[in-house]
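Keep in mind that the numbers below use all heavy atoms, side chains included, and drop hydrogens, waters and symmetry copies.
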Number of protein chains: 4
Amino acid sequence: MALVCLSDFEAYAKKHLPKAVWEFFAAGADESCTRDENLKAFKRIYFRPRVLRDMSTMDTRTTILGSEISFPVGIAPTGLHSLAWPDGERSTARAAEATNTCYIASTYSTCSVEEIVAAAPAGFRWFQLYIHRKRTLSEQLVRRVEALGFQALVLTADLPYTGKRRDDIRNNFQFLSSIKLKNFEGAFQDEDCSEYGMPPGSIDPSVNWNDISWLQSITCLPLIIKGILTKEDAELAMRHGVQGIIVSNHGGRQLDGVPASIDALVEITAAVQNKVEVYLDGGIRTGSDVLKALALGAKCVFIGRPAIWGLAYKGEEGLRKVLEILKDEFRLSMALAGCSNVSEIGRHLVQHSKL
Amino acid sequence: MALVCLSDFEAYAKKHLPKAVWEFFAAGADESCTRDENLKAFKRIYFRPRVLRDMSTMDTRTTILGSEISFPVGIAPTGLHSLAWPDGERSTARAAEATNTCYIASTYSTCSVEEIVAAAPAGFRWFQLYIHRKRTLSEQLVRRVEALGFQALVLTADLPYTGKRRDDIRNNFQFLSSIKLKNFEGAFQDEDCSEYGMPPGSIDPSVNWNDISWLQSITCLPLIIKGILTKEDAELAMRHGVQGIIVSNHGGRQLDGVPASIDALVEITAAVQNKVEVYLDGGIRTGSDVLKALALGAKCVFIGRPAIWGLAYKGEEGLRKVLEILKDEFRLSMALAGCSNVSEIGRHLVQHSKL
Amino acid sequence: MALVCLSDFEAYAKKHLPKAVWEFFAAGADESCTRDENLKAFKRIYFRPRVLRDMSTMDTRTTILGSEISFPVGIAPTGLHSLAWPDGERSTARAAEATNTCYIASTYSTCSVEEIVAAAPAGFRWFQLYIHRKRTLSEQLVRRVEALGFQALVLTADLPYTGKRRDDIRNNFQFLSSIKLKNFEGAFQDEDCSEYGMPPGSIDPSVNWNDISWLQSITCLPLIIKGILTKEDAELAMRHGVQGIIVSNHGGRQLDGVPASIDALVEITAAVQNKVEVYLDGGIRTGSDVLKALALGAKCVFIGRPAIWGLAYKGEEGLRKVLEILKDEFRLSMALAGCSNVSEIGRHLVQHSKL
Amino acid sequence: MALVCLSDFEAYAKKHLPKAVWEFFAAGADESCTRDENLKAFKRIYFRPRVLRDMSTMDTRTTILGSEISFPVGIAPTGLHSLAWPDGERSTARAAEATNTCYIASTYSTCSVEEIVAAAPAGFRWFQLYIHRKRTLSEQLVRRVEALGFQALVLTADLPYTGKRRDDIRNNFQFLSSIKLKNFEGAFQDEDCSEYGMPPGSIDPSVNWNDISWLQSITCLPLIIKGILTKEDAELAMRHGVQGIIVSNHGGRQLDGVPASIDALVEITAAVQNKVEVYLDGGIRTGSDVLKALALGAKCVFIGRPAIWGLAYKGEEGLRKVLEILKDEFRLSMALAGCSNVSEIGRHLVQHSKL
């Protein structure tokens, strides 16, 4: 059957991935309320479409941190792509490069950052960072990605500890020994790597705003904070000199009970007032979701699980198809809403019955 | 089993039409949220019925653009009626004529406008127009319908491009070669007519408010804009001298995520202040829906899919039955709400918890 | 299985009554939205219960129009009781008498008012009236019930025409020829009595506020208007000198899309300001529903379908059981809410998130 | 299968307990609306989590009435534990002692208070009291628990009569003669003990605020009132010199239609202004529920049915597991919300769309 929309890819992935792998990617924390809310919240936002405008020339391009991308959808950082497709993040990188969009590679990649760059040398990439208890491990990684031409660091801020994903516990989720977190090859020899491929408790729960200065001292890369859900933290981020904010609830995988990211976006863009770029991940399933997020102030959105579904379907080709579908849907939504280019998208385009 | 309400006709049509044909008519865009919302929104509107009024004489007649119709429900423009019943729009025209109501014939008819007029010479008709990239094609069509006695032009404003209807893509929807868009007979010979019977991209996406003047320059017919969902566009329409507005989201087939048409109606009638007539299509399933729309300011409503279901049941006879049921239900709803004629229907009759 | 609550009786009746009879009693108009809303609306009302009050002596008695009843629940007028239990309204009358509450006998009774009185001579009864096109028929009926000791007339105001109940049309609902509207015995000989036992269109749709004076001129009985849903009509009723108002939507059987009666009650008791008594029917299923209605200003409530279910179970005995359950539940709800007698029930007892 | 969250224990208990026993513990009053609302209400409360705070040291300890507990979750008073596990409340006491939290033993225990103390001598315990019609019975019980080192009395205020639990009536719920309310051993010899092990109507429905003084005159123990749902009663409780309030609707087992306890908590903590401690039971299923309750002003929460499920799984071990899961989840929720100790939890942490 033809796969015509992202949920078709979801159905495919659910059917073809091993159960424990599917559940790992699908999992939300605890009761998965926030994971599900991420989708439902988009349905409470209504367009105010304008008609009888010249839509003969459509332009979906935009820029993020000064770089042009073909449309405002990038690849969110998710781990363990080799579980979805043998070639892993190499395929992801190639698909993003081919689509001319941004790929945020994860610390938890199953290909090394060097392999990722080799697979798609011309790609536009950011690197997602968790700060390790052994700071030197993180420092080395930052230096590697800076040297490799990654164009920004994305610090994940919402994971002092890993959220409770019930299915992973039930499945005693362990991936095949053939799959490794390649960025840390050799770092944890003889250690117990049972927590998603790293020694339990590897990520430093003491990380706080003061560590921003440390990061800024070891790299010239722009810094983006991922996982902010309140205006208070958005203001702190700006005060600490970051270049961007990703409004995210980690796909509902960390604290269950936080708002949908699209609901949190509103207060954050109001507070940020365009002083830094604001992005969003969580719940994007159609091109009209992208349009809603941009109307509410996001400069770009990122897809997590849908990218995995694309990989699970056919690796690079599958993910390209996912991205192309989103791009076509986004372009069509723009046209039907009366916007021929991204700069015409604004708050006036939607009505949002707040949480 | 007796068919006693419109949803009985829906069930009949779903059971008897070929799957791809059923899905073509039933389709909404993307996730069909707006299509479904069109119905749900009516349920959020409550009557304030008045009792102990003399309801012995009931009068459901009204006028639209000065012409009397037997009750305020007309036939919305939908295409490809021959897919539902062999005789196609000829049956539609006859049923509307017999019921003494208004039929808006579609550009996408499978009978020519001449055949439609021949089938029901005394019928009251408007013509729905898409503007073709080759303007002469549209101009010729306008001149033909004006000469044939159609009494208004209805310009569809919400389709610079066709919405994404997933089932049509999955079904690779193509109708039988025996079915043609008869209004364009001979126009696209040897061309690929795979987009619902026209060459892909035939409809001009550049159409904008300036084209209203062009239309007004080639015809004396009153002009109605269909597909307006905001007060801003309603005001623009009035400024451009149109005679009427159809509040419509194209049955949820264009931009998914726009409000139900009955929800959009409120702000538009408030803005229009009776300066032009406002109509509505989308979600009408019972006579009480008609009454709610009129209470919120619509002069008349139009039915789309229910007309198709009537045709699918028994052609002209089936559609007449659908119209008669709606008329009886509307009359009864009026009486039970305490209105013996249409002029007594007003905003006081309903409470509407706004979106 | 023990029947412990009203919905157990509903399940019993659904299982044991002939399908068409069940559907006749269960039917709402059109899509039955209002019928279902009648129940759902009670769920949106929350108690503010008070604790640590002396609840050792509970008193559920109240008065309506000056007469004492054992608890504030009476029998609403519903027709055709012989369809539920052979003995028909005789059983109903006996159960009400035994429970010491008020029974509103229906014009559409299958026992004559004389038979009803004979069955339960000491009962407290009102008579529900539809005004017939032949006014003498109604006048005679009024004089009969006044002479028989009925203590009030209840004029149904919301039925200029009968609502559209789809199942009755599908079932071509006709009751056995052995079942007759006994109050009109001999009145319609050789006439077509296909509309629920009366000639079609018997009820006069011209009835209006002026007819109140006529009624008042032919009887000394107090007059109650049933079927009022707006404060405007409540005010008109008071101006026309009625003694009571029953807030009712006819069990959702007339105009579909009107509010739940409990939702309409709020604005009406606010307007009436205790100048006349206000009652309610529609959606009462538990003793706590009764308590909510009284907290919102009703002096008494009436049950329609639950009375039928009781009859269907075991005639008089079944209905007594229904009434006893409701009384026990009401007494318990009062105690748990901190009210030891009816006069302590008031608006402070509930919070109501208005429609 | 591993039991990883409280609802896993629920599923286990439902599967393994005899039907009537399961239904006794699961029952809500009447339609169980409030029982279900207790859970749903938590889902309407959203966190405002703060990120990038040092979460390396987590401390879940708090105090209630001056005593330290390992985390703010205790065991609510529920009766008849021997129905869930042969060892009954002895197991409960041991699990609470091992976890270092507070156990509120019920008047309806199937072990005597002496047996409870003997089973877990070092445990921190309160005693839940119903006041018996024979006051001496209650007085003796109070003196016994005071002598045994229980540290507070919890007076249940919302049960002048027992709520109507339909399943118990249907099941004619009677527990085995081998199971006794041990606190009253010998007290009701030759009496009919068919109401949950006591003579019907044993609990005194006349109990009111004046009885608080009586209780205070016979014991030095701090007094906590359980079952308050309004600010008015919270103020009365403070005026009568109580030391604490448990916001509770008795697990939805008393008056159906009252708000969820978490919804009632808001107005009560606002009224109490920290003058006495406020606790909550009802609907706690995850650690994030605990965090929400504390954010809205509760000093501690208590679990009822989840404790039973733990017992039903494996007695003391099962309940310890339930408590450990809740503690781990609470600690993780705190960390993900940005609170490293309980004192950092406050109203700012949540947004609550009020009832």
Side-chain angles (χ1 to χ4, degrees), chain A residues 29-31 33-34 36-37 41 131 133 155-172 201 203-212 225-234 236-237 240 242 245 248-250 253-260 263-264 267 354-355, chain D residues 1-11 39-58 262 283-293 295-296 324-340 346 348-354:
Chain A
D30 296 318
E31 300 174 281
C33 296
T34 292
D36 298 342
E37 189 75 7
I131 297 183
R133 285 183 191 264
L155 179 68
T156 297
D158 59 3
L159 200 140
Y161 302 97
T162 303
K164 180 174 180 177
R165 299 147 200 180
R166 296 174 177 179
D167 283 337
D168 286 354
I169 306 175
R170 290 192 184 106
N171 295 331
N172 192 16
I203 296 172
D204 188 348
S206 80
V207 169
N208 61 72
W209 291 107
N210 296 329
D211 295 296
I212 303 295
I225 307 291
K226 173 172 174 281
I228 284 180
L229 290 170
T230 62
K231 62 173 185 289
E232 293 87 342
D233 279 342
L236 278 172
H240 284 85
V242 308
I245 288 168
S248 168
N249 51 38
H250 216 117
R253 296 162 80 84
Q254 287 293 102
L255 180 57
D256 199 28
V258 301
D263 280 330
E267 80 171 59
K354 250 206 78 183
L355 205 61
Chain D
M1 200 182 76
L3 305 191
V4 306
C5 59
L6 269 55
S7 51
D8 289 348
F9 286 82
E10 181 178 20
L39 275 77
K40 282 186 260 172
F42 277 103
K43 306 289 187 287
R44 294 189 296 255
I45 300 168
Y46 294 89
F47 288 115
R48 295 180 55 76
R50 303 298 302 273
V51 296
L52 292 177
R53 294 174 168 197
D54 182 347
M55 292 294 131
S56 53
T57 310
M58 299 298 304
I262 191 70
I284 298 287
R285 295 296 178 268
T286 65
S288 62
D289 294 338
V290 182
L291 183 57
K292 287 174 182 177
L296 291 168
E324 279 156 21
I325 285 173
L326 265 186
K327 189 175 171 185
D328 288 344
E329 288 182 353
F330 174 62
R331 186 194 300 109
L332 180 55
S333 295
M334 283 176 65
L336 299 182
C339 303
S340 61
H348 50 85
L349 206 63
V350 292
Q351 50 187 127
H352 184 215
S353 40
K354 250 207 76 182

Which portion of D:Arg50 sits near chain A, non-hydrogen atoms under 4.5 angstrom: both

Heavy-atom proximity to chain A below 4.5 Å, by part of D:Ser333: both

Side-chain donor/acceptor of A:Asn249 to backbone N/O of A:Pro259, under 3.5 Å: yes

Validation row: A:His250, A:Thr156 side chains within 4.5 angstrom (heavy atoms): yes

Where D:Leu296 and D:Ile45 come nearest, the two heavy atoms and their spacing: CD1-CD1, 3.7 Å

Proximal component of A:Thr34, with respect to chain D [non-hydrogen, under 4.5 Å]: neither

Note: D:Lys43-A:Glu31 ion pair, threshold 4.0 Å (strictly below): yes

Among A:Cys33, A:Pro160, A:Pro205, residue most engaged with chain D (heavy-atom pairs, under 4.5 Å): A:Pro205

Engaged part of A:Lys231 at the chain D interface, taking heavy atoms whose separation is under 4.5 Å: both

Structural part of A:Asp256 lying under 4.5 Å from a heavy atom of chain D: backbone

Largest heavy-atom contact set with chain A, pairs under 4.5 Å, which of D:Ala335, D:Gly287, D:Pro49: D:Pro49

Close side-chain approach of D:Leu349 to D:Arg48, heavy-atom, < 4.5 Å: no

NZ/NE/NH1/NH2 to OD/OE distance under 4.0 Å, D:Asp8 and A:Arg166: no

Residue selection (most heavy-atom pairs with chain A, distance under 4.5 Å) from D:Ala2, D:Ser7, D:Cys5, D:Ala337: D:Cys5

CA sep, side-chain torsions, deciding dist, call: A:Asp233, A:Trp209, side chain to side chain contact (heavy atoms under 4.5 Å, CB included): CA-CA 10 Å; A:Asp233 279 342; A:Trp209 291 107; 4.0 Å; yes

Contact leader toward chain D among A:Asp211, A:Ile225, A:Leu255, where contacts are heavy-atom pairs under 4.5 Å: A:Leu255

